[in-house]
Chemist: 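Quick one: structure below, then a few questions.
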There are 2 protein chains.
Amino acid sequence: MAQASGAGNAPKPSRIQQKNRRIILEAALDVFSQHGYRGTTLDQIAEQAGLSKPNILYYFAGKEDIHVTLLNALMDTWLDPLREIDPEGEPLEEILRYVRRKVDMSFEFPRESRLFANEIIQDAPRMGPHLERGLKPLVDETAALIDRWIEEGRVAPVDPRHLIFSIWATTQHYADFEAQVAVLMEGRDVQSGAVTFVDTLYRRLLTP
Amino acid sequence: MAQASGAGNAPKPSRIQQKNRRIILEAALDVFSQHGYRGTTLDQIAEQAGLSKPNILYYFAGKEDIHVTLLNALMDTWLDPLREIDPEGEPLEEILRYVRRKVDMSFEFPRESRLFANEIIQDAPRMGPHLERGLKPLVDETAALIDRWIEEGRVAPVDPRHLIFSIWATTQHYADFEAQVAVLMEGRDVQSGAVTFVDTLYRRLLTP
DNA sequence: TCGTGGTTTTACCAATTGGTAAAAAGCGAA
DNA sequence: TTCGCTTTTTACCAATTGGTAAAACCACGA
């Protein structure tokens, strides 16, 4: 037996274990992001992964274990751009670079965006700790930084928290609501238009 | 038997039928908006409605029937604000009024917002016709109107479709991601800050 | 009072779903 | 080749879930 999800023990996972866990997580990301937690069945994940259901349960303790593992693994990637805002940099440039990274991520990692969106819409039942202990301090810090920039007159005055919400909302919209965007933009090049738009939006908002 | 969901026949629904259908739809909105279609069980709806499961199936043909009925009923309410943009009005004022109505709706009808969000994130499997035949013409029309306003120099140049997306995104964010917003805004008055912020955002973007 | 219609409950299903037990199959080192 | 381990498959469950059949209940006009 090779229990894989314990906390303290790390009995070196074999090559084949690493590979199959990766395959399963990849398949699960596909399915969870499209159907949400409850909408996803282990059979769907198994089929997408090309493995049998019991075989999947050999690598993960259960459906929830897979989901939580995904959430944990993606959280950092998702928050990294926020961490990279440089307090010493040029304010407008820093914020617009953040916006650019976020919109790029929406087109590059739409499944990850939808995974989080599904979870948060449904009251974030498995993300409480992440929001409270991971995201909140980061947002508080960034909001304080933006407030300083505003006081120094280097950024036009806005509520920094609502600013952050709006950046998330406008950029992730392209991933989360892709089905709607696709219908309404039929044929048009969505990504380049989106990049241009959000740059304009926040440039006009924040230029002092 | 009083089959209720047929298309052509309308054998006058009794008072009690109207009442119970309303109760069921209200309960279903609660549950569907919080758990999504697949995440919702008929038993949950039944309990929330204070009726037995078979009794619910006496009023609706099935789970999907309830869901579709909800979607249909809410579509109009949801699109009305867009219809009320007055082509003869003052452009900036008209758009800002639309923004205001949308943000107000997010706080007044968060369940409705989440119901749609859940559906669209999961590829809108039951909303294709609504998007194509209901929403798209309206958006095309509004985009054309905004383009005219831009050409006349009464609104600063932006891609009107991305503008519309961003209005939806920023306003509905407060309903759809309420769990996240609540954590990050702990204690603060979210609504009034949101109203002020989006007004500022689109005023600065669109003022010529 | 008795029907007669609409309404509600009780008692069930069959299918799906997350999960398990245990046998079978691989497979690398000695 | 064989031993001992990991990995995979086969054969199952018990609970849940959407849905149905039919009996029971109820309201109200003749």
Side-chain angles (χ1 to χ4, degrees), chain A residues 1-6 9-28 30-32 34-71 118 122 125-126, chain B residues 1-6 9-25 27-28 30-32 34-71 122 125-126:
Chain A
M1 219 199 305
Q3 279 309 67
S5 65
N9 55 340
K12 61 167 129 175
S14 69
R15 244 151 282 110
I16 189 165
Q17 283 220 11
Q18 287 190 314
K19 189 194 72 176
N20 276 347
R21 279 181 68 96
R22 258 211 327 277
I23 286 174
I24 292 167
L25 288 175
E26 176 69 19
D30 254 38
V31 187
F32 277 132
Q34 204 174 10
H35 302 292
Y37 181 75
R38 285 219 47 188
T40 295
T41 71
L42 281 177
D43 292 292
Q44 282 176 296
I45 297 175
E47 192 192 334
Q48 182 76 18
L51 299 171
S52 69
K53 182 166 64 175
N55 202 6
I56 281 182
L57 291 169
Y58 173 73
Y59 289 103
F60 288 91
K63 183 183 174 181
E64 180 148 10
D65 184 28
I66 302 177
H67 195 246
V68 168
T69 301
L70 270 180
L71 247 31
N118 263 310
Q122 292 171 24
R126 278 164 281 277
Chain B
M1 220 196 300
Q3 279 309 66
S5 66
N9 55 340
K12 59 168 132 177
S14 69
R15 245 151 283 109
I16 188 165
Q17 283 220 12
Q18 288 190 314
K19 189 194 71 177
N20 277 348
R21 280 180 66 96
R22 258 211 328 276
I23 286 175
I24 292 168
L25 289 174
D30 255 38
V31 187
F32 278 132
Q34 203 174 10
H35 303 291
Y37 180 76
R38 285 219 47 186
T40 294
T41 70
L42 281 176
D43 292 293
Q44 283 176 296
I45 297 175
E47 192 192 335
Q48 182 77 18
L51 299 172
S52 68
K53 182 165 65 174
N55 202 6
I56 281 182
L57 292 168
Y58 173 73
Y59 289 102
F60 288 90
K63 183 182 174 182
E64 180 148 9
D65 184 28
I66 303 178
H67 196 245
V68 168
T69 301
L70 270 180
L71 249 29
Q122 292 171 24
R126 279 164 280 277

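Computed from heavy atoms alone, side chains included, the values below leave out hydrogens, waters and symmetry copies.
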Chemist: May I ask you to check whether B/Arg126 and B/His67 show a side-chain donor-acceptor distance below 3.5 Å?
Modeler: yes
Chemist: Generate the contact string for nucleotides 9-20 of chain D. Rules: B means base contact, S means sugar-phosphate contact only, - means no protein heavy atom under 4.0 Å.
Modeler: BBB-----SBBB
Chemist: Any side-chain heavy atom of A/Phe32 sitting closer than 4.5 Å to one from A/Gln44?
Modeler: no
Chemist: For D/dT6 and A/Gln17 - does any side-chain N or O of the residue sit under 4.0 Å from the phosphate oxygens OP1/OP2?
Modeler: no
Chemist: Check whether any side-chain heavy atom of B/Ile66 lies under 4.5 Å from a side-chain heavy atom of B/Leu42, and answer yes or no.
Modeler: yes
Chemist: Grab the OH-C1' distance between B/Tyr58 and D/dA22 for me, whole Å please.
Modeler: 14 Å
Chemist: Can you find a pair of side-chain heavy atoms, one from A/Ile23 and one from A/Asn20, that are under 4.5 Å apart?
Modeler: yes
Chemist: Using a 4.5 Å cut-off on heavy atoms from C-beta on, say whether the side chain of A/Glu47 contacts that of A/Val31.
Modeler: no
Chemist: Please determine whether a side-chain nitrogen or oxygen atom of A/Asn20 lies at a distance below 4.0 Å from atom OP1 or OP2 of D/dT8.
Modeler: yes
